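Following: one structure in structure tokens, then a few remarks.
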Amino acid sequence: MTVAAQPFATHQRCAKCSTLYPDTSPAPKCVACGGLLEIVLAPPPLKGAELRALFAQRRADGSDMGSGVWRYREIVHPSAGEHVVSHPEGNTPLLARPRVSRWAGVEGLLLKHEGHNPTGSFKDRGMTVGVTQARRIGARAVACASTGNTSASLAAYAAQAGLQALVFVPAGQVALGKLAQSLAYGARTLLVRGDFDACLALVQQASERLGIYLLNSINPFRVEGQKTIALEVLEQLGWDSPDWLVLPAGNLGNTAAFGKAVREAFDLGLISKVPRIAAVQAEGASPFAQSFRTHFATRYTVKAETIATAIKIGDPASFDRAVDAIRYSNGVVTSVTDDEILDAKAVIDAAGVGCEPASAASVAGARRLVREGVIGPSDRVVAVLTGHVLKDPGALLRYHQEMSPAPPYANPPVEIDASIEAVERVLEG
Ligand code: F0G
């Protein structure tokens with residue numbers, strides 16, 4: 001369904017061929033060319049300082065329902081109306097932890113902990129908007145392919161909204177905590193014999209044939225919600241942009257969302273400087289980083305392999321829009337090894353913060369970029385921790401208990417007899 005251009009109403013636009021769709025169209029991609037859709041927002045009624053004041057006011061008077069997403073509704077989903085499905089979510093902390101800063105080699109490092117969201121990952125920010133949209137357009141069922149966090153989040157929000165949820169996850173490759181959540185929240189969980197990329201292809205077919213509303217991060221409303229990670233960071237810093245926003249990157253929905261957020265924040269006069277975005281991939285799943293090394297002249301796909309199962313993705317769906325995000329923000333893309341990820345995670349965990357393996361890629365990436373002289377040691381850097389420490393207990397226990405030789409930060413448990421002497425021996429030893 002192609003409609004005439006309505007520049008003053010929020011609408012969807014194909015990023016490839018510029019075909020316009022109303023913001024109620026359920027098509028997951030451009031019907032004309034198969035390109036990804038993006039939301040073009042109606043110009044908000046306020047700008048700059050007045051818009052900043054409105055956001056602050058909502059937080060103060062509670063009219064945001066306690067949500068760090070819906071507080072920004074004019075620049076997230078202005079036509080959500082009474083359909084909002086909010087847990088609430090967002091309002092996550094920005095943490096300074098000297099031990100982690102020292103390890104990364106950058107004094108002004110802050111950790112934006114998205115694991116504090118209701119289902120333990122940043123996905124809740126996109127999902128509250130995606131499920132709100134599903135309800136707004138009268139969808140009966142929703143679906144996604146996932147490495148585990150999107151499915152956990154979809155399951156929870158669909159349950160709240162009373163929608164049937166179908167999730168496609170790669171069999172045997174999803175962290176325990178995430179799979180458990182999807183079952184607990186009542187999603188129909190399909191363990192697909194294939195990798196994430198196969199799951200994504202399958203769910204797209206299923207959504208087209210069966211008319212199920214697709215809620216992967218190719219869904220432009222999900223991207224709108226995920227913008228609020230960056231918006232909230234900027235607000236927490238008094239709208240004084242950091243030099244860098246560093247985040248782990250897999251399917252690249254979040255990188256795309258960060259790019260859109262900082263561009264819009266700049267255009268609306270919320271900030272006066274655009275922070276540089278650094279996207280970090282796991283070395284065994286780094287098609288975007290490889291492509292960056294060619295200045296994006298070549299697009300790669302890989303057979304993904306990494307301990308960080310959340311970002312084990314070989315053919316990222318939001319590739320093009322993530323390229324825009326990196327180019328616009330004068331950003332960079334890098335990759336880190338599984339060992340670097342695990343060491344970063346152990347340092348973050350031992351600082352009493354904790355995160356899942358993929359999240360630690362951001363801190364490992366910051367460290368690498370400092371060593372390479374890309375990030376300056378006195379730069380202001382915000383690294384996003386995307387998921388909670390309990391998401392992947394399997395990886396955690398392997399690191400501390402099973403790996404041989406023991407990794408540098410291993411903290412294995414000690415089995416003892418039930419005697420005070422045994423406790424003493426441990427303390428002395
Ligand atoms: N960190 C975590 C913990 C994730 O779960 C994901 C993606 C990412 C980072 C990367 O974000 O894909 O937008 O580049 N997880 C998706 C999922 C793929 O299905 O839960 P991205």
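Only this structure's heavy atoms are used, side chains among them; waters, hydrogens and symmetry mates stay out. Both counts, for ligands and for their atoms, begin at 1 and track the order of listing. What you see is a predicted model; the values in this text were computed from it and never measured.
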Which of the atoms in ligand 1, numbered in the order shown and given with their element, are less than 4.0 Å from a heavy-atom of [X]?
X: I313; value: 18 (C)
X: S146; value: 17 (C), 19 (O), 20 (O)
X: I311; value: 8 (C), 9 (C), 10 (C)
X: L252; value: 12 (O), 13 (O), 14 (O), 21 (P)

**Request:** May I ask you to check whether F292 and F296 place their ring centers less than 6.0 Å from one another?
**Result:**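 Ring centres of F296 and F292 closer than 6.0 Å.
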**Prompt:** Are the aromatic ring centres of F221 and H77 under 6.0 angstrom apart?
**Reply:**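 Centroid separation for F221 and H77: below 6.0 Å.
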Which residue owns the protein heavy atom closest to [atom], what's the atom, and how far is it?
atom: atom 2 (C) of ligand 1; answer: T386 OG1, 3.4 Å
atom: atom 11 (O) of ligand 1; answer: F122 CZ, 3.6 Å
atom: atom 12 (O) of ligand 1; answer: N251 N, 2.8 Å
atom: atom 18 (C) of ligand 1; answer: T147 OG1, 3.4 Å
atom: atom 20 (O) of ligand 1; answer: T150 N, 2.8 Å
atom: atom 5 (O) of ligand 1; answer: N149 ND2, 2.8 Å
atom: atom 7 (C) of ligand 1; answer: K123 NZ, 3.1 Å

**Asked** Does any donor atom in the side chain of Q236 or K112 lie under 3.5 Å from an acceptor atom in the other side chain?
**Response**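 Note: Q236 and K112 side chains meet the donor-acceptor criterion.
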**Request:** Would you kindly say whether T228 and R125 are connected by a side-chain donor-acceptor distance under 3.5 Å?
**Result:**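 R125 and T228 do have a side-chain donor-acceptor pair below 3.5 Å.
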Side chain or backbone of [X] under 4.0 Å from ligand 1, or both, or neither, by non-hydrogen atoms?
X: Q226; answer: neither
X: E356; answer: side chain
X: T255; answer: neither

Flag this pair as yes if the NZ/CZ of [X] is under 6.0 angstrom from the six-membered ring centre of [Y] and inside a 45 degree cone about the axis; otherwise no.
X: R263; Y: Y328; value: yes
X: R367; Y: W103; value: yes
X: R299; Y: F319; value: yes

**Message:** Tell me whether A249 reaches ligand 1 (any heavy atom closer than 4.0 angstrom to a ligand atom).
**Reply:**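 True for this residue.
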**Message:** With the threshold set at under 4.0 angstrom, would you say N216 reaches ligand 1 through any of its heavy atoms?
**Reply:**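 Per 4.0 Å heavy-atom rule, N216 does not contact ligand 1.
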May I ask you to check if ligand 1 and [X] share an N or O to N or O distance below 3.5 Å?
X: G253; result: yes
X: G250; result: yes
X: K178; result: no
X: N254; result: yes

So that I can tick it off, tell me whether [Y] and [X] are bridged by a salt bridge, with the cut-off set at under 4.0 angstrom between side-chain N and carboxylate O.
X: R58; Y: D64; value: no
X: E107; Y: R102; value: no
X: E38; Y: K260; value: no
X: K273; Y: D240; value: no

**Message:** Testing N149, T386, T309 one by one against E356 for a side chain to side chain donor-acceptor pair (under 3.5 Å), which residue passes?
**Reply:**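 Only match with E356 under side chain to side chain donor-acceptor pair (under 3.5 Å): N149.
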